[in-house]
Participant: 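Sharing a structure, written as structure tokens. Questions coming.
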Amino acid sequence: VTGVQTCALPISVIVLVGNTATANAKLQVGQENQVVDVQGTGVQVNTEQAGVQGVLNEAQIENLPINGRNFLDLAQLEPGVQIQDGQDFDPTKAGYSSISFGGRFGRTARIEVDGVDVSDETVGTTTTDIPASSIQEFQLSQSSLDLSNELTSSGAVNVTTRSGTNSFHGQVFGLFRDSAIAARLPSAPGIKSPFQRNQFGGRIGGPIIKNKFFFFLDGERTKQDEFSPQPVSAPFSQYSGGFQSPFRETDILAKADYQLGKSAHLFYRYTYFQNSLAANAGYAFSVYTNKDITRTHAVGADFNTGPFTHSLRFQYLKFENNIVDATAGTSLPFANLPLELIMGNTGLDTGPNWLAPQATIQSNKQFKYDGSRSIRSHILRYGISYNRIVGGGFAYFYGLAAQLSTNIGPSELAFAAAGPFPGGISNPLNYPVETVVVSNGQGYTTPQPSFGLPAGRLGPDNRIGVYFGDSWKVKPNLTLSYGLRYARDSGRTDTDIAPISQLNNLIPGIPNLGGQVK
């Protein structure tokens with residue numbers, strides 16, 4: 001028929017990280033000059049996948065404010081997710097956040113960036129932060145996780161980072177917060193708790209070769225100063241005060257992308273993370289500084305061969321944590337005594353921190369392959385992963401000084417009143433020593449050398465994962481997903497030690513206590 005043709009309406013399909021997208025194309029008869037432009041946004045319901053998950057896109061990440069700009073704090077925008085302070089489960093995570101899915105402990109969440117694992121294998125949560133402004137999409141999976149996810153007992157986070165484009169785009173920012181122009185932080189009567197935070201940074205991305213080669217750079221710096229109030233009750237209330245708790249963090253990300261033909265994409269990403277925070281792990285004036293540094297190299301390739309899709313990832317990650325004492329040499333009460341004092345439940349705890357010195361080191365060498373193939377109403381997916389994880393370090397608990405403690409009761413008060421030092425019951429040195437904890441001098445947990453240290457190696461842990469699955473669209477309104485994943489975690493500690501048969505009769509009910517660890 002003259003003047004009439006079939007034409008397809010323009011369709012815009014948004015594909016989010018870790019999600020299957022559906023596009024329903026309709027053909028209709030119309031005039032050659034007819035243009036139909038429908039635009040709008042709405043709540044998206046994923047009818048193709050059964051997992052409980054959520055994805056935050058670029059617009060949400062850009063416009064929703066996050067106090068502190070920690071990238072994991074984005075997770076609290078999803079239902080059933082809470083943010084947990086890393087210090088809640090380990091002092092080496094001072095300055096970190098962790099994610100609690102459905103009330104479960106935050107240390108077990110699996111954290112991935114651009115498809116590779118950045119989780120801390122020793123105490124949990126992440127080994128690194130990344131600039132919040134470098135995030136393209138942020139996916140959280142809470143149950144019925146995808147087969148490609150790594151081991152986790154609670155949930156998983158998958159972050160994709162930005163890339164450069166054919167035009168130059170940049171951003172700079174500066175954020176300032178001070179308690180002098182804000183609501184006061186909670187503190188004991190008579191103790192001020194000033195707080196100030198400066199955060200600044202920026203990003204820039206663009207073409208090196210248009211349509212082919214792109215770059216993206218991002219960096220953020222946090223400079224935070226806080227006074228941590230430490231009230232002390234009678235008879236030592238004169239020591240009430242606090243300590244300075246400075247926090248410093250540097251996040252740098254550099255990324256290069258190359259478009260190899262129409263169906264192949266390559267990228268290289270380097271991230272650098274460093275932070276430090278003065279904390280006390282609940283021991284008032286017995287302060288330590290937690291220091292971390294992580295360097296990550298990641299390489300990726302995504303391409304098609306006919307009806308097959310392929311995704312390759314390589315990563316080398318090196319994480320170092322150090323805890324050092326921050327009490328000795330300061331003006332804190334009794335800071336320079338060659339011992340740590342704990343005076344009952346009065347709040348007076350002071351002296352060299354028992355956690356120091358301590359170090360935790362981890363390296364990841366990871367390879368991943370994920371593939372898929374569409375056959376009629378089926379999407380077949382398969383993959384394999386290998387991660388060689390080596391740990392190391394030491395923990396000289398009570399290595400700097402013995403820990404002395406006493407109760408504060410009627411008998412102890414009477415003892416102190418007759419003590420030889422001035423001040424009577426208000427002087428901690430007049431009290432009897434009731435408990436002493438000393439170091440056994442064994443800071444290493446294994447005899448194998450690692451990372452330049454004479455001992456303390458954990459592993460290597462060779463973690464292997466293999467999976468195969470199918471998503472079968474049985475009917476337009478019914479999709480069946482099924483699959484199988486096999487994971488093998490070889491373990492990182494004590495597997496090399498021979499059985500100790502003398503231990504088998506030590507505890508009733510555990511007949512193989514002295515068996516070899518597997």
Side-chain angles (χ1 to χ4, degrees), residues 66-112 117-130 132 138 140 142 151-157 159 185-188 193 195 197 222 224 226-231 242-249 273 275-292 294 319-326 342 345 347 349 353-356 358-360 362 391 393 395 397:
I66 305 172
N67 181 25
R69 295 183 67 84
N70 186 297
F71 83 109
L72 289 181
D73 288 355
L74 289 165
Q76 62 190 324
L77 300 174
E78 287 293 311
V81 179
Q82 295 83 37
I83 297 302
Q84 186 176 356
D85 188 338
Q87 290 184 89
D88 288 350
F89 53 80
D90 198 88
T92 64
K93 287 304 172 187
Y96 286 82
S97 291
S98 63
I99 299 177
S100 169
F101 290 94
R104 286 165 286 186
F105 212 39
R107 74 160 76 225
T108 60
R110 181 63 55 182
I111 316 294
E112 294 187 346
D117 195 357
V118 298
S119 304
D120 187 328
E121 299 291 341
T122 304
V123 298
T125 194
T126 181
T127 59
T128 181
D129 283 345
I130 59 174
F138 187 102
L140 293 108
Q142 301 188 47
L151 289 168
T152 176
S153 62
S154 58
V157 174
V159 173
L185 295 175
S187 62
S193 54
F195 173 89
R197 180 194 292 151
T222 299
Q224 176 179 297
E226 178 182 7
F227 184 81
S228 179
Q230 303 296 323
F243 64 92
Q244 297 294 334
S245 180
F247 174 65
R248 304 289 185 267
E249 179 169 307
F273 162 74
N275 79 349
S276 65
L277 173 67
N280 64 358
Y283 285 85
F285 303 107
S286 182
V287 185
Y288 67 91
T289 299
N290 186 70
K291 300 179 179 181
D292 301 282
T294 305
F319 163 70
E320 299 178 55
N321 164 265
N322 285 276
I323 286 182
V324 296
D325 177 65
I342 299 180
N345 59 358
D349 305 331
N353 192 276
W354 70 275
L355 293 166
Q358 186 179 160
T360 304
Q362 176 185 321
F397 296 141

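In what follows, every heavy atom counts, from backbone to side chain, and hydrogens, waters and symmetry copies are set aside.
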Participant: Not counting sequence neighbours, which residues clear ring-ring contact (aromatic ring centres under 6.0 Å, His included) with Phe89? List them please.
Facilitator: Phe105
Participant: Taking all atoms of both residues into account, what is the closest heavy-atom pair of Ser97 and Thr125, and its distance?
Facilitator: O-OG1, 2.9 Å
Participant: Evaluate the side-chain proximity of Thr128 to Phe319: yes if any heavy-atom separation is below 4.5 Å, no if none is.
Facilitator: no
Participant: Which heavy atom in Ser245 sits nearest to a heavy atom in Ala278, and how many Å separate them?
Facilitator: OG-O, 2.6 Å
Participant: Ignoring hydrogens and geometry, is there a side-chain-to-backbone donor-acceptor pair from Asn353 to Ser286 under 3.5 Å?
Facilitator: yes
Participant: Ignoring hydrogens, what is the shortest heavy-atom contact between Gln224 and Arg248? Give both atom names and the distance.
Facilitator: O-NH1, 2.8 Å
Participant: Judged by atom type as modelled, is there a donor-acceptor pair below 3.5 Å linking the side chain of Gln362 to the main-chain atoms of Ser119?
Facilitator: yes
Participant: Quick one: ring-ring contact (aromatic ring centres under 6.0 Å, His included) partners of Tyr288, sequence neighbours excluded?
Facilitator: none
Participant: Between Thr289 and Ser276, is any side-chain donor less than 3.5 angstrom from a side-chain acceptor?
Facilitator: no
Participant: Please report the interatomic distance CG(Leu72) to CD1(Ile130), rounded to the nearest 0.5 Å.
Facilitator: 8.5 Å
Participant: Please give me the minimum heavy-atom distance between Ala75 and Ile99, naming the atom from each residue.
Facilitator: CB-CD1, 3.6 Å
Participant: Would you say the side-chain atoms of Glu78 pair up with the backbone N or O of Leu140, donor to acceptor, closer than 3.5 Å?
Facilitator: no
Participant: Provide the closest heavy-atom pair for Ser193 versus Phe227 in the form atom of the first, atom of the second, distance.
Facilitator: CB-O, 3.8 Å
Participant: Search all heavy atoms of Ala132 against all heavy atoms of Arg69 and return the closest pair with its distance.
Facilitator: CB-O, 3.8 Å
Participant: Nearest 0.5 Å, please: how far is CZ in Phe101 from CZ in Arg110?
Facilitator: 12.0 Å
Participant: Nearest 0.5 Å please: distance from the CD atom of Gln358 over to the CD1 atom of Ile323.
Facilitator: 4.0 Å
Participant: So Gln230 and Ser228, side-chain hydrogen bond (donor to acceptor under 3.5 Å, both in side chains) or not? Walk me through it.
Facilitator: CA-CA 7 Å; Gln230 303 296 323; Ser228 179; 3.0 Å; yes
Participant: Given the rule in the side-chain contact (heavy atoms from CB on, under 4.5 Å) test, do Phe273 and Thr127 qualify, once you have shown the distances and angles that lead to the verdict?
Facilitator: CA-CA 9 Å; Phe273 162 74; Thr127 59; over 6 Å; no
Participant: So, taking the atom named OG1 in Thr92 and the one named CG in Leu355, what distance separates them when rounded to the nearest 0.5 Å?
Facilitator: 9.5 Å
Participant: So, taking the atom named CG in Asp88 and the one named OH in Tyr96, what distance separates them when rounded to the nearest 0.5 Å?
Facilitator: 15.5 Å
Participant: Can you sort out the partners of Arg107 under side chain to side chain donor-acceptor pair (under 3.5 Å), two or more places apart, ordered by chain and number?
Facilitator: none
Participant: Do you know which of Asn275, Asn321, Asp90, Asn322 makes side-chain hydrogen bond (donor to acceptor under 3.5 Å, both in side chains) with Asn290?
Facilitator: Asn321
Participant: Can you name the one residue among Thr126, Asp85, Asp120 that meets side-chain hydrogen bond (donor to acceptor under 3.5 Å, both in side chains) with Lys93?
Facilitator: Asp120
Participant: Does Ser98 reach the main-chain N or O of Gln84 with its side chain, forming a donor-acceptor pair under 3.5 Å?
Facilitator: yes
